[in-house]
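Quick note: numbers below take in every heavy atom, side chains included, and nothing from hydrogens, waters or symmetry partners. Lettering follows sequence order; numbering is per chain, from 1.
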There are 2 protein chains.
Amino acid sequence: MPRAGLDPASVVAAGAALADEVGFAGLTMGLLAERVGVRTPSLYKHIANQDDLNRRIAALALAEAADAVGAAIQGYAGRDALAAAARAFRDFVLTHPGRYAATIGVEPTGPDDPIAVAGERLLGSFTAVLRAYPIGLEEMNHALRALRSFFHGFATLQSGHAFQWSADVDDSFEWLIALVDRGLRSTPVAG
Amino acid sequence: MPRAGLDPASVVAAGAALADEVGFAGLTMGLLAERVGVRTPSLYKHIANQDDLNRRIAALALAEAADAVGAAIQGYAGRDALAAAARAFRDFVLTHPGRYAATIGVEPTGPDDPIAVAGERLLGSFTAVLRAYPIGLEEMNHALRALRSFFHGFATLQSGHAFQWSADVDDSFEWLIALVDRGLRSTPVAG
DNA sequence: CAGAGTTGGCTAATGCCATTAGCTTTTAGC
DNA sequence: GCTAAAAGCTAATGGCATTAGCCAACTCTG
């Protein structure tokens, strides 16, 4: 029995890729073991259990999303930054539906949890998007949550095939970006 | 062995209630059987299998949500209707997280599927909310999807404890409603 | 370059969960 | 009252996650 040369990172990466293929719900230890060329129990030498695997996939997904969004908004501000961030985020979710699904409902165990660290990084990019809009400090958290709601909502609905084919989904997404841009521009005067 | 007096509707109702208590992922046939006072295999006399149960719970949830939103917007228009619908929808998701989770990712099998019927009814209420806004027919589908994205996104994020406690979540929700209202008021001139 | 210890892989076993088969009793309709 | 469908039950099957315990293969030191 030659060694497979696995380590936690490679197992998690394979798990994320497999989740993207078969759906997060279809990700089983047996399938993942087969994918990495090992018997099921051997996976436990690298990850504690399936929940641990899910959390690591979630952290990976958040880190990758933060990278994608962060890179997309470089050099842009205002509406251009908003559109770039929104498109990058949605692209990521649509091309990596399984690993993004792993992030839903996970809660970091503490501030040093990789999930929290990556999540903060993603939030940082969202904050950068809002910088050019007339938003007071006190409203920043509300605006951040609004942005997250719209990014997360649209991406998960489309990923779950919740939209009929009555109109082009990409057009709807651009329309949504424009709607949010108008709303953010005309924030109320007082904080 | 006296009969328990079960029928599909009561099993589905109990399943929805149980899902709200233990989370959709924690809903098992064994737990549901115990809850309705029957052994596990007996459930199959009323529902085909767990997937069937999930779909029926989803249809129930969509119907209830449609009722709640429809009732909430009675007599309101414009921003008032938007706020009423948003609050009713979020209240429903937060008080019934398990059954709402059952709706995520389900796809109706055809136009007569109760899931499709209830979903259309909910969409009808959302359409009514948009009626007082200056939105062209061609844009209606985009606006509808935008509304769904906001409602679904915020409600699922809050339900999944994805918001930190840095600011009051109810305030954020009202802020989001105001943002969407501003965006919907100032739609571009051309359709 | 040998050998001790750690690491990573394997087989076997356990327990939970969904589902099916086949039997029995209740109950509704005649 | 009788018959047949409906609704319950026990027993059995198969999939999945997880643990125990064993052995081979690297690593690292002397």
> Can a salt bridge be assigned to the pair B:Arg185 and B:Asp181 using a cut-off of 4.0 Å between side-chain N and carboxylate O?
Replying inline: yes

>> Are A:Phe163 and A:Phe154, when compared by the centres of their aromatic rings, separated by less than 6.0 Å?
In response: yes

>> I need the minimum non-hydrogen distance between A:Val22 and A:Leu27, along with the two atoms involved.
In response: CG2-N, 4.0 Å

> Just checking, is any N or O donor in the side chain of B:Tyr100 or B:Asp20 under 3.5 Å from an acceptor N or O on the other one?
Replying inline: no

> Of all residues at least two apart in sequence or in a different chain, which pass the salt bridge (charged side-chain N to carboxylate O under 4.0 Å, His left out) check with B:Glu107?
Replying inline: none

>> Would A:Arg99 and A:Phe24 count as a cation-pi pair here, with the cationic atom under 6.0 angstrom from the ring centre and within 45° of the axis?
In response: no

> Is it the case that B:Arg148 places NZ or CZ above or below the six-membered ring of B:Phe126, under 6.0 angstrom from the centre and within 45 degrees of the axis?
Replying inline: no

> Rounded to the Å, how far apart are B:Lys45 NZ and C:dT24 C1'?
Replying inline: 11 Å

>> Please give me every residue in residues 7-22 of chain A whose heavy atoms get under 4.0 Å of an atom in DNA chain D, ordered by residue number.
In response: none

>> According to salt bridge (charged side-chain N to carboxylate O under 4.0 Å, His left out), who are the partners of B:Arg55, at least two apart in sequence or on a separate chain?
In response: B:Asp113

> Would you say a side-chain N or O of B:His46 is under 4.0 Å from OP1 or OP2 of D:dA6?
Replying inline: no

> Taking side chain as C-beta onward, heavy atoms only, is B:Leu176 less than 4.5 Å from B:Phe151?
Replying inline: no

>> Using a strict threshold of under 4.0 Å (side-chain N to carboxylate O), is an ion pair present between B:Asp170 and B:Arg90?
In response: yes

>> Please list, in numerical order, the residues of residues 25-44 of chain A that have a heavy atom closer than 4.0 Å to any atom of DNA chain D.
In response: A:Thr28, A:Met29, A:Gly30, A:Thr40, A:Pro41, A:Tyr44

> Is B:Glu21 salt-bridged to B:Arg35, cutoff N-O under 4.0 Å?
Replying inline: yes

> Is there a side chain to side chain contact (heavy atoms under 4.5 Å, CB included) between B:Leu147 and B:Leu82 once you walk through the steps?
Replying inline: CA-CA 9 Å; B:Leu147 227 48; B:Leu82 173 67; 3.8 Å; yes

Set out, line by line, the N/O atom pairs under 3.5 Å between protein and nucleotides 5-7 of chain C.
| from | atom 1 | to | atom 2 | distance (Å) |
| --- | --- | --- | --- | --- |
| C:dT7 | O2 | A:Arg3 | NH1 | 3.4 |
| C:dT7 | O2 | A:Arg3 | NH2 | 2.5 |

> By a strict heavy-atom criterion of less than 4.0 Å, which residues belonging to residues 49-57 of chain A are in contact with DNA chain D?
Replying inline: A:Asn49, A:Gln50

> Charged N to carboxylate O under 4.0 angstrom, A:Arg87 versus A:Glu174?
Replying inline: yes

